[in-house]
Amino acid sequence: MDILQSDRLLYSILIAVIIMVGGAALFYYMKALQHPAEIQQADAGEKQDLHFVLIPQETENDYWRLIEEGARQAEQELGVAVEYNGPKKTSITEHIEWIEKGIASKVDGIITQGLQESAFTPVLNKAVRMGIPVVTIDTDAPSSERAAYVGTDNYEAGFMAGKALIEDTGGTANVGIITGSFEARNMKLRVQGFRDAVQEESGVAIMDIKSSEITRIQAAEKTEQLLNEYPEIDAFFGTSALDGFGIASTVQQRARTNSTYIITFDSLPETVKLIREGVIDATVAQQPYEMGYESVHLMKDLAEGRTVDAVQHTTVHIVRRKDLPVSESLLLPKGGTR
Ligand code: BGC
């Protein structure tokens, strides 16, 4: 073979290879165009065998967004799939429907609140009997067959709020309480803990309690009503973040900031701002990110047949203005603990 011939042969081989590779690429591209969803699903199926749902009381709430963030961190670490879905605004009926949907789709685990024990226990037990493990988060339903609870000890947290109020007011206060709900178990426990903490303190009187239905507008309105009915009120206890915001806005409007003590729950950025401004005096900081993170780890343990502790309380701290410079990072830690 002379040089010219061997060049021609090489050239033909090269053309053949290009045609083959190009043809194969075109074939797979056309196939992908025809069945993109199926292909994506197959990929996802390979990566994530376990599919959990996280159903909060309301999806568009900053506190729950932090729980979601923690869950997403664990989702990445563990290679599972977590779906965050539920009512946009608190509704027990809708919340239960979302749990039913989870059961019908045969998810591998349900993470949710036991918001009202009597209403939630039947549907939580139904999930468990269908072989779907349940972890309660933020609010427990201890008499249900849930495998575990992760979240605040709500009675203890309310008790701590009561003791902080006594400490900060020197044991003299006429208190109005604004609570997110008269029905929600976590709120009831916080109020009970608070009542028990101040019970023996003769200078502390609880004047009245009103519900905000977890809206800041109603929290502001109910604060207004309380101040009209009991002008002697000089302290407020708000049992959730939005209650604190509502109380703060009415107290500010009435120019009573200096003469009114406010203790609330949670340490969202707006809460921290109001503490810095001296409007809110103290808050019970929960660990929502940690709850979300831990709940997904627990779920994976359960789905893989490991035994877990039935109750996992996350920490709470009382945060006042003087604590802010040193403990801001303690408010919403973003790292998982495992
Ligand atoms: C409670 C949650 C509630 C949230 C609403 C938190 O303090 O722990 O149960 O959904 O407030 O803002």
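Note that these values count all heavy atoms, side chains included, but never hydrogens, waters or copies made by symmetry. Just so you know, these numbers come straight off a predicted model, no measurement behind them. Indexing begins at 1, ligand by ligand and atom by atom, following the structure's order.
Under 4.0 Å from ligand 1, the heavy atoms of N186 that appear belong solely to its side chain. If you look at R190 next to ligand 1, the close heavy atoms, those under 4.0 Å, all belong to the side chain.
Inter-residue side-chain proximity for F236 and D243 is flagged as unmet; no heavy-atom pair is nearer than 4.5 Å. Looking at heavy atoms from C-beta onward, L298 lies in side-chain contact with Q312 at the 4.5 angstrom threshold.
For E58, the heavy-atom gap to ligand 1 stays at 4.0 angstrom or more. Heavy atoms of R185 stay at 4.0 angstrom or farther from ligand 1.
Of the charged side-chain nitrogens involved, none lies within less than 4.0 Å of a carboxylate oxygen, so that R216 and E221 do not count as a salt-bridged pair. With salt bridges taken as basic N to acidic carboxylate O contacts below 4.0 Å, none links K88 and E94.
To the nearest 0.5 angstrom, F120 atom CZ is 13.0 Å from S143 atom OG.
Between Y293 and H297, the ring planes lie tilted relative to each other; the angle falls in the 30° to 60° range. Using the six-membered ring where Trp is involved, Y149 and H313 have ring planes that are perpendicular, over 60° apart on the 30 and 60° scheme.
Ranking protein heavy atoms by distance to atom 6 (C) of ligand 1, first place goes to D266 OD2, 3.2 Å. For atom 4 (C) of ligand 1, the closest non-hydrogen atom on the protein side is Y63 CD2, 3.9 Å.
Remark: ligand 1 atoms within the under-4.0 Å shell around heavy atoms of S240 are 7 (O), 11 (O). Close approach of ligand 1 to Q113 (heavy-atom distance below 4.0 Å) involves ligand atoms 9 (O). If you number the atoms of ligand 1 from 1 as listed, the ones under 4.0 Å from a heavy atom of W64 come out as 3 (C), 10 (O). Listed by atom number, the atoms of ligand 1 under 4.0 Å from N61 heavy atoms are 5 (C), 12 (O).
Of the possible polar contacts, one joining the Q113 side chain to the Q57 backbone as a donor-acceptor pair under 3.5 Å is found. Proximity of a side-chain donor or acceptor of D301 to a complementary backbone N or O of V296 within less than 3.5 Å is not detected.
An N or O contact shorter than 3.5 Å links Q57 to ligand 1 by distance. Between T139 and ligand 1, no N or O atom pair is found at a separation short of 3.5 Å.
Atom 8 (O) of ligand 1 has its nearest heavy-atom neighbour, among I214, D138, T152, in D138.
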